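The shown structure was predicted, so the numbers you read here are calculated from the model rather than taken from an experiment.
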Amino acid sequence: MSDEETLQPSEARATAVGDIQELMRRKEEIEAQIKANYDVLEGQKGVGMDEPLVDCEGYPRADVDLYQVRTARHNIICLQNDHKAVMKQVEEALHQLHARDKEKQARDLAEARREALSRRPGQGESQGPPQAFARVNSISAGSPASFAGLQVEDEIVEFGSVNAQNFQSLQNVGSVVQHSQGRPLTVTVIRRGERLQLRLVPTRWAGKGLLGCNIVPLQR
């Protein structure tokens with residue numbers, strides 16, 4: 001197997017970028033040559049590309065170097081065609097590079113999804129009882145927690161984005177509460193073996209904090 005066939009995606013991309021950079025250098029060289037030939041025309045009384053090279057009587061003009069003008073005009077036409085061809089190559093190379101990047105993004109996304117799926121519990125586990133990570137051990141009357149329907153001894157399975165898989169400490173819950181003030185949070189609890197989903201809105205009230213309840217982590 002050749003080295004080209006065993007190129008890694010990152011190496012292939014670097015090769016493509018190098019090719020584009022080489023094309024851009026060629027493009028700049030052509031543009032410099034076009035400018036140099038235009039400078040020649042400018043130096044010949046500014047004849048440009050279209051001004052006649054004969055006088056009013058139809059004789060060749062004596063005030064310009066006809067050979068230089070014709071050569072410069074011919075060079076400019078050829079160089080402009082070269083420039084157009086290089087720009088087409090640049091466009092195609094950029095398109096291929098972007099297509100390769102999209103393919104890599106799609107592969108990375110598919111790999112991330114496969115990894116996420118592989119980390120999920122097995123089918124038998126997912127059908128088992130949900131795992132709680134904390135318990136409500138007190139609730140103040142008239143508090144947001146009370147209005148939401150939370151009760152003492154409720155075991156919390158999900159508190160907004162916090163669950164048993166990502167729970168580390170009560171600071172996780174506190175952070176969600178602080179960032180959700182005035183906005184509804186979904187709280188899933190287990191109460192006497194039954195799974196319930198409640199709507200809790202952290203809000204300033206007459207008591208302390210935004211919830212009016214005390215939560216303690218479960219010891220597993």
Side-chain angles (χ1 to χ4, degrees), residues 6-17 20 94-220:
T6 58
L7 279 177
Q8 296 298 315
S10 59
E11 295 172 333
R13 188 183 192 283
T15 301
V17 170
I20 292 171
L94 286 171
H95 178 75
Q96 291 173 1
L97 181 62
H98 292 157
R100 186 178 289 113
D101 285 346
K102 284 183 179 179
E103 289 174 4
K104 183 179 184 302
Q105 289 173 1
R107 287 196 301 269
D108 290 347
L109 181 59
E111 181 63 29
R113 284 175 176 168
R114 283 196 297 270
E115 186 176 348
L117 288 172
S118 69
R119 290 182 178 180
R120 288 182 178 179
Q123 188 67 21
E125 293 177 344
S126 64
Q127 294 176 348
Q131 185 178 0
F133 63 87
R135 178 174 57 83
V136 180
N137 72 347
S138 70
I139 294 180
S140 300
S143 66
S146 176
F147 283 123
L150 274 175
Q151 295 182 12
V152 173
E153 299 302 325
D154 280 351
E155 291 192 349
I156 299 173
V157 176
E158 293 176 344
F159 193 100
S161 60
V162 181
N163 54 46
Q165 279 69 46
N166 59 25
F167 175 77
Q168 295 178 332
S169 71
L170 290 177
Q171 289 182 351
N172 301 135
V173 175
S175 177
V176 170
V177 171
Q178 291 297 325
H179 287 90
S180 303
Q181 184 174 350
R183 297 198 299 268
L185 279 173
T186 298
V187 179
T188 305
V189 302
I190 298 175
R191 181 181 300 163
R192 293 184 289 278
E194 184 181 359
R195 180 171 174 148
L196 303 173
Q197 197 170 77
L198 308 175
R199 184 174 177 272
L200 172 60
V201 182
T203 314
R204 294 288 178 193
W205 63 294
K208 294 173 60 178
L210 300 174
L211 299 181
C213 68
N214 192 49
I215 298 172
V216 294
L218 288 175
Q219 301 297 324
R220 295 296 182 185

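The heavy-atom pair separating I215 from L170 by the smallest distance is O-CD1, 3.3 Å. Taking all atoms of both residues into account, the shortest heavy-atom contact from G212 to W205 is CA-CZ2, 3.4 Å. For the pair V176 and S161, the tightest heavy-atom approach, listed with the atom from each and the gap, is CG2-OG, 3.8 Å. Between S140 and S146, the closest heavy-atom pair is O-CB, 3.6 Å.
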Verify side chain to side chain contact (heavy atoms under 4.5 Å, CB included) between E155 and L218, making sure each step is shown before the conclusion. CA-CA 9 Å; E155 291 192 349; L218 288 175; 4.1 Å; yes
Pair I20, L94 - check side chain to side chain contact (heavy atoms under 4.5 Å, CB included), show working. CA-CA 7 Å; I20 292 171; L94 286 171; 3.7 Å; yes
Verdict with reasoning, E153 to R191, per side chain to side chain contact (heavy atoms under 4.5 Å, CB included): CA-CA 7 Å; E153 299 302 325; R191 181 181 300 163; over 6 Å; no
Evaluate the criterion side chain to side chain contact (heavy atoms under 4.5 Å, CB included) for residue pair V189 and L198; output intermediate values, then yes/no. CA-CA 8 Å; V189 302; L198 308 175; 4.3 Å; yes
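The shortest distance between side-chain heavy atoms of Q178 and L210 falls below 4.5 Å. Between Q131 and V157, every side-chain heavy-atom pair lies at or beyond the 4.5 Å cut-off. Between I156 and V136 there is a side-chain heavy-atom pair separated by less than 4.5 Å. Residues V177 and P202 meet the side-chain proximity criterion, which asks for heavy atoms closer than 4.5 Å.
Put simply, OG1 on T203 and CD on Q181 are 7.5 Å apart, with the number rounded to the nearest 0.5 Å. Here the CD-CD distance, from Q96 to E103, works out to 10.5 Å after rounding to the nearest 0.5 Å. Note that OG1 of T188 and CG of D154 are 11.0 Å apart. Values are rounded to the nearest 0.5 Å. Atom OG of S143 and atom NZ of K208 lie 13.5 Å apart (nearest 0.5 Å). Rounding to the nearest 0.5 Å places CD of Q151 at 6.0 Å from CZ of R192. Here CG of L200 is found 6.0 Å from CG of L185. Values are rounded to the nearest 0.5 Å.
S175 places no side-chain N or O within donor-acceptor distance of the main-chain N or O of Q171, the cut-off being under 3.5 Å. Remark: the backbone N or O of V162 is not paired with any side-chain donor or acceptor of N166 at under 3.5 angstrom.
Looking at residues two or more places apart in sequence or on another chain, you find a ring pair (Phe, Tyr, Trp, His ring centres under 6.0 Å) between F167 and F133.
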